[in-house]
Structures are given as C-alpha cells and as structure tokens.
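All chains are named by letter (A, B, ...) in the order of the sequence lines, taking the proteins before the strands, and each is independently numbered beginning at 1. The analysis underlying the following values was restricted to heavy atoms, covering all of them including side chains, and did not include hydrogens, waters or symmetry mates.
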2 protein chains.
Amino acid sequence: MNARLRDVAEHAGVSVRTVSNVVNGFRYVAPDTRTRVQASIDELGYRPNLAARTLRHSRTGLIALVVPEIDSPYFAELAARTVRIAQHRGLTVLIDQTDGDFERERLLLHGKRGQLVDGVLFSPWAVAPADLAARTDTVPLVLLGEHDGPAPVDHVAIDNVAAAREATRHLLATGRRRIAVIGVQPRTLNASARQRLAGYRQELEAFGLAPVVDRERPVRRLHRSDGYQAMLELLDSETPDAVFCFTDQLALGAMRALAERGLSVPDDVAIVGFDDIEDGRYSVPALTTVSPDKDQIASLALDALAAQGKPPRSIIAPHELIVRATT
Amino acid sequence: MNARLRDVAEHAGVSVRTVSNVVNGFRYVAPDTRTRVQASIDELGYRPNLAARTLRHSRTGLIALVVPEIDSPYFAELAARTVRIAQHRGLTVLIDQTDGDFERERLLLHGKRGQLVDGVLFSPWAVAPADLAARTDTVPLVLLGEHDGPAPVDHVAIDNVAAAREATRHLLATGRRRIAVIGVQPRTLNASARQRLAGYRQELEAFGLAPVVDRERPVRRLHRSDGYQAMLELLDSETPDAVFCFTDQLALGAMRALAERGLSVPDDVAIVGFDDIEDGRYSVPALTTVSPDKDQIASLALDALAAQGKPPRSIIAPHELIVRATT
DNA sequence: AACGTGGCATGCCACGTTGCAAACTCGACG
DNA sequence: CGTCGAGTTTGCAACGTGGCATGCCACGTT
C-alpha cells in the first residue's frame, strides 16, 4: 500500500491537515514546517490518492472521447489533438471505442461511465437524435460531427453542406461533368454523409446538371476497402470523370482501384476527398481534400464541455478546400 | 448532484446497506425488496459513484497507455486493439501522449498518474533503462517495444533482429545488392531502431556483403516527411536498388520521393517497410512489410500487467514478413 | 416451551482527502 | 499590561461505498 497523508503526518510530526496544506500549496504554512513535511513526502514517496480527491471534489479531471474506431486516421488525428489540448487544460482523456455498435453507443450515452468522467465528447455513428433526447445521464455531453433533428445537446461540426458544395464546385470548375460520389450511407442515420450528399446535389443543380442516381454510390463503412469496392462497381457501369469521396479513406481505396484498372488520376478521373488525413498528403498523387480544422474542433468541443449548463448550441468549426494533385 | 445510495434507500424505505446489496447482487435479499429497491434505483436514475468504489477497493479498472503520438498509425492501431481487448477484460484505457518528450515520459513513469490507474502500458521513446530502474512508483508497468540493457520491468516486443534479418534476406533473395536502410536513430536511445539496424547488418554480412555507411540513413522522427527527406538524400548520392525502412510511414514517404523522381517501385527500387499499417495495404503499389502481431502484443501486455509481482520477463510476440507489391 | 437454523436486513466503520471553523502563538499597538 | 490580529496549526466531519458482524424473524425440531 502507498503512503497516505497520515503516514506523512506521523513521520513529520505534524497533523494530517498540515500535510494537506503543504501538498495543496496553502499560503499559511511556516517555511520550516513546509520543508520538513516536504522531506517526509519525498522520503515516503507519497502520492495523493486521486480516488479520495475525486470523492471529495466530485470532479475527476477525466473526459471520455467516444469514437467508432480510434485507428481510423481521422479519429486518430482528432484524438491526438484532443488529448494534447486537454492536457493543456489539466484534463485527461479516456478513449471509448464503440466499433459503430448501436448498443455500445447507447450504453455510453446513458451513463455507463458513471461518475468516472466530467464530460463526454461523443462522435456518434449509429445513435439517432431521439436516443440523445431520451438521455437521463447528467454528465455534460458534446457531440462531434454532424447530426440533424433537434437534439438537446451541444454539438461541434463543420458546415458539411457548404464544404461539399465547394468540393463539387472545384470539380466543375476544372471541367468535370460526370461527377460521382462515394460514401452515401444506406441507413439514413449518418448525418454527415447525408449533408455532404445534399451539398453535392445542390451544387450540381446550381450548375444546371441533374443528379444521376447511379453515380451516388453507397458504402457500408468508411474504410479503404469500401472505397475500393465502390469504385470498382462505379467503373463497371460507366467511367466518371471525377469522384467526390466523403472521406479520404474512401478516396484512397478508390485510387487503388483506379490504379489497378490502369486509369490515371487526375487525367482520367479526378478525386476529391474529405478529412485531410496525413495519408492523403503523401499518397501518389497527393489528394485534394476538404480539410476540417481539427484543432478548432477539439478546442471548441472542450470549450463547450466547460460551458455546459447554458442552452445547447450548434457550433460551426472552420474548414477549407486543399487542392493538391488529384484534381 | 446525482442520486446516492442513501437517496435510493430513503425512497425505497430500506437501509443504505440493503440498497448496496441489491446493487451488488448479494444473495439474501427478499425478491420483493429487490424489486422495490430496483424500482427506486430506476426512478431516481441512480449510478454507482466510481470514485467511492475506487476508494473502497483501491482499484480503478483503468489502465494508461502511454505512447509518443496516438495519430501515428502504428500506435493508433495498437491502441485500438488494446482498448478493445481491455474492454473485454473489464478495463478502460486512458491515453497519455508524450510527443516523444523526455520530461513528460519521466513524469509519467514516476507516478504522475498517482493512484488513478491500475497499470501502465508504456511505449517509450526518449527514456533509457536507467530511468526505468530509478522508478519509485509502485503501479504495475509493462514496456511495449524493444529496449535493451537490464531494466527491472516486464516488456513485450517482437524479435526485431530476426525480423530485420528476414526483411533483408527477402531483398537479397530477389536479387537486390545495393540495399539501403532508412530509420537509423541519431541518438542511441531507440532500441528498436538499433536492433533493426543490427539485423540488417548481420544478414548482409552472412551473405558476404559489407555494410556501406552511406546507405544507413538517419531520421529525426518516424514520420512520412522524414522518410521522404531521407530518400531524397539517398538518391542524391547513389541510387540503391532496395530500401529497408524501419517503419511503414518512412517507407510511404520514401515511395513518394521515388515517384517524384520518376523512379519505379519495385522495378528500379524495391521497398520493405515495418509495422504493417493499414495505409501500406492500400498504397500503390502495396507495401511489403514486417507485420508484428498487434493483437498478441496488446493481449500479452495486458496479461503481463495482470500477472505483476513475479520477476520481470521479456515476452516475445510473433511477427511475419508479408510480401506485397513493392519487392 | 426452549432451541437451532436459514433467510433477510441493518448499523457501524474505514477507505484518503479536504472544507470549515476554531484554537493557538506571538509580536505590535494603545 | 491587555487586546488585537496576522500567521500558523489543528480536530472534526463528510464525500459514497462495501466489509463485517450482528440482530431479527419465522419456522421446524427436540
């Protein structure tokens, strides 16, 4: 067992309270008392017991980051930034991975984490606004990423419709006309995908083009393999001259399919991705993509957690289209 | 404030202890008492206070995973597996990110986490065995990855020397003779890099080739940009016919440099990486690599944490060479 | 009628910490 | 010389939980 305040107190010949005062830097402690107590602390290797502190303060300094999969590059990069910024603010991040499983998401929403965390940053995959509204847990919650419908919680996201329009506009501006998309979600649940699709359609229509159903390819998940598969299917019907992929991972998978079929990017087919993950910067050719400001997202989300109690807000983080070599 | 055992007790008209018995599934609780208490629990939305439980049991169910950067794909994939396996075992993982900073690593080793975690999985970058030996903290610790010198802690790693020899042997077997490496660490600290270099040299010598100093390229970190840079430098002196990169990220950076210089992989230059990250499976061409069994690493490390108290062991996880299209 | 037994419920306490308020010391001031 | 107050130290209680031991009751046995 580790040394407790009491052990230190006995060792230094003072009261428990005085040791506590030293540990917490209380002002009115005589210099030599402080020195003596500190010596005992060092000698006994005393470390404050965080459980006891937490019990006293009902505050843990922990926040949970809930994501479908931490090894998906977008979430990994977001997690890295969240952890870093949280560290600066004296918070520690605990990772919960749902694998996109509805039941696991629901459990976490409804307080599986108990009093363990001071707040939850939640990147939903399967749960719907209705599930959020039914929440009884009182731990502050901030949603990461798009969601629609009126959910009574803060959420931080970029403007997906605008971003998708910019991506599509860029493809149109470079002369492409047969523009496909990869990343439509079969279930209507994923709001980000829906908004990106909406933006794409809006921009096509604004340009005077009618959407072609066959060019809007669904995927099950957002992995490279899904993009690869969808691209192959797309090529089987008609070869588009551009593909707007709803994530960079899908785009990288699609590019591999194109390479295997001997098609050149961007000469035969232009590609735009979404997320600006590190891999896209080093792919050959380098990927044009919509870049959400991940530092801002993490930072704004932590702000929102800290500011809870106020009426829920929708917070828009900045994004930008980064043109590289695939368009 | 959330409901406490006492609130539930009052609401149900029983003692606090009885509620506790219900919550913990104690045998001797009358069925209708149990029902009544459960109803009160549901109505009040009672959740056990983990801090209090922890204080009582001196066990948190948390373990820390300490890595240089969580968004480096290898660590992201390792973290994903660790989190998943830990969940199965009733543990929650908390991520600490050191950015490879010596001071941050030292702090974590010496108990910054206090009594918050039941164990630490530590993937060191900057700290040396001596720092480990000087550790006073009593929280169980398991090192992930190579380290040499006698450190009095468990560690889990693959056989880096053997793996590097296999990679080199494979390149030799495909007829390559001017084999360079990228990933040597300028400081002698990183043991993995040192062992991979040793394996490479051993295999060359066993084949009757003398190592060429100029072909052993150092890097500062293990990012794509480092591999890119190192490859460019390598091309400025002499074009090797193969490069063994100490991580897949370095390899992907190197491949980008080769593409820019108009060199073909694998025709002009063969590439072998190390880590088997997802990106390498979808790069064009797909990357030949040494694949450490990450599930085994995570699983063995958690076993080792659970089994602490016994004399420290070196645990070897399996690996295999996966031949794809870059060789 | 006394006794034993098994089922069930409860009170007390400790886990390690800190807030609160009181108590004590000592020099300065009227 | 008494009083005041700043500086310093302390004891007590409480945060929410669960281990322990004990108490109580109904029922069956001797």
Side-chain angles (χ1 to χ4, degrees), chain A residues 1-41 44-62 111 113-118 137-139, chain B residues 1-41 44-62 111 113-118 137-139:
Chain A
M1 186 58 73
N2 278 300
R4 299 157 300 164
L5 276 186
R6 196 165 69 195
D7 301 322
V8 177
E10 281 170 14
H11 187 271
V14 295
S15 77
V16 169
R17 200 57 248 268
T18 299
V19 181
S20 172
N21 284 338
V22 171
V23 171
N24 294 291
F26 181 65
R27 267 178 58 206
Y28 297 133
V29 178
D32 70 325
T33 309
R34 170 163 277 137
T35 314
R36 195 152 38 92
V37 170
Q38 189 59 52
S40 298
I41 288 176
L44 299 180
Y46 167 78
R47 314 263 164 214
N49 181 316
L50 296 202
R53 276 197 173 163
T54 297
L55 182 57
R56 205 73 187 73
H57 292 135
S58 57
R59 201 181 153 287
T60 61
L62 286 177
R113 280 282 161 249
Q115 334 283 55
L116 182 58
V117 298
D118 297 338
D137 196 26
T138 57
V139 177
Chain B
M1 185 57 74
N2 277 299
R4 301 158 296 165
L5 277 186
R6 197 167 68 196
D7 301 322
V8 177
E10 280 169 15
H11 187 270
V14 295
S15 76
V16 169
R17 202 54 250 271
T18 300
V19 181
S20 171
N21 285 338
V22 171
V23 171
N24 295 290
F26 181 65
R27 268 177 56 203
Y28 296 133
V29 178
D32 70 325
T33 308
R34 170 162 277 135
T35 313
R36 197 153 35 90
V37 170
Q38 189 59 51
S40 297
I41 287 176
L44 300 181
Y46 167 79
R47 313 267 164 210
N49 181 316
L50 296 200
R53 278 196 170 163
T54 296
L55 182 58
R56 202 72 185 73
H57 293 130
S58 54
R59 203 182 152 284
T60 61
L62 286 177
R113 280 285 160 245
Q115 335 281 55
L116 181 59
V117 298
D118 296 339
D137 197 25
T138 57
V139 177

Strand contacts (DNA chain D) in residues 6-16 of chain B, 4.0 angstrom heavy-atom criterion: none
Closest approach of B:Arg6 and B:Val16, non-hydrogen atoms and distance? CA-CG2, 3.9 Å
Has A:Arg4 got a side-chain N or O lying under 4.0 Å from the OP1 or OP2 atom of C:dT17? no
Would you name the heavy atoms of B:Val8 and B:Ser40 that are closest together and state the gap between them? CG1-CB, 3.9 Å
What is the separation between atom CZ on B:Arg59 and atom P on D:dG18, rounded to the nearest whole Å? 14 Å
Closest heavy-atom contact between B:Ala52 and A:Leu55? CB-CD1, 3.9 Å
Short N/O separations, protein against nucleotides 6-8 of chain D, under 3.5 angstrom:
| from | atom 1 | to | atom 2 | distance (Å) |
| --- | --- | --- | --- | --- |
| D:dG7 | OP2 | A:Tyr28 | OH | 3.0 |

What residues form a side-chain hydrogen bond (donor to acceptor under 3.5 Å, both in side chains) with B:Thr54, not counting sequence neighbours? none
Looking at residues at least two apart in the chain, or sitting in another chain, which of them share a side chain to side chain contact (heavy atoms under 4.5 Å, CB included) with B:Gln38? B:Val22, B:Ile41, B:Asp42
Within this structure, what is the CZ-to-C1' distance between A:Arg53 and C:dG16, rounded to whole angstrom? 10 Å
List the steps, then state whether side-chain contact (heavy atoms from CB on, under 4.5 Å) holds for B:Leu116 with A:Leu62. CA-CA 10 Å; B:Leu116 181 59; A:Leu62 286 177; 4.3 Å; yes
Rounded to whole Å, CG of A:Asp32 lies from C1' of D:dT9 at a distance of 13 Å
I would like to know whether B:Tyr46 and B:Val23 meet side-chain contact (heavy atoms from CB on, under 4.5 Å); could you show each step before the answer? CA-CA 10 Å; B:Tyr46 167 79; B:Val23 171; 4.0 Å; yes
Counterpart residues, side-chain hydrogen bond (donor to acceptor under 3.5 Å, both in side chains), relative to B:Asp7 (two or more places apart): B:Arg4
Using a cut-off of under 3.5 Å, enumerate the N/O to N/O pairs linking the protein to nucleotides 19-22 of chain C.
| from | atom 1 | to | atom 2 | distance (Å) |
| --- | --- | --- | --- | --- |
| C:dG19 | N7 | A:Arg17 | NH1 | 2.7 |
| C:dC20 | N4 | A:Arg17 | NH1 | 2.6 |

Side chain to side chain contact (heavy atoms under 4.5 Å, CB included) against A:Arg56, all qualifying residues, sequence neighbours excluded: none
Sequence neighbours left out, what passes side-chain hydrogen bond (donor to acceptor under 3.5 Å, both in side chains) with B:Asn21? Give chain and number order. B:Arg17
Euclidean distance, atom CG of residue B:Leu5 to atom P of C:dA9 [Å, nearest integer]: 16 Å
State the CG-NE2 distance between A:Asp118 and A:His57, to the nearest 0.5 angstrom. 12.0 Å
Side-chain donor/acceptor pairs under 3.5 Å, residues 30-37 of chain A, sequence neighbours excluded:
| from | atom 1 | to | atom 2 | distance (Å) |
| --- | --- | --- | --- | --- |
| A:Arg34 | NH2 | A:Phe26 | O | 2.8 |
| A:Thr35 | OG1 | A:Pro31 | O | 2.8 |
| A:Arg36 | NH1 | A:Ala12 | O | 2.6 |

With Watson-Crick and G-U wobble geometry limited to distances under 3.5 Å, how should the secondary structure of DNA chain D be encoded in dot-bracket form, using | for bases paired to another strand and [ ] for crossing pairs? ||||||||||||||||||||||||||||||
Measure CG/B:Leu55 against P/D:dG16 and give the value in whole Å, please. 12 Å
Audit row: B:Glu10, B:Leu44, side-chain contact (heavy atoms from CB on, under 4.5 Å) steps and yes/no: CA-CA 11 Å; B:Glu10 280 169 15; B:Leu44 300 181; over 6 Å; no
Between A:Ser20 and B:Thr18, which residue's closest nucleotide on DNA chain C lies nearer the 5′ terminus? B:Thr18
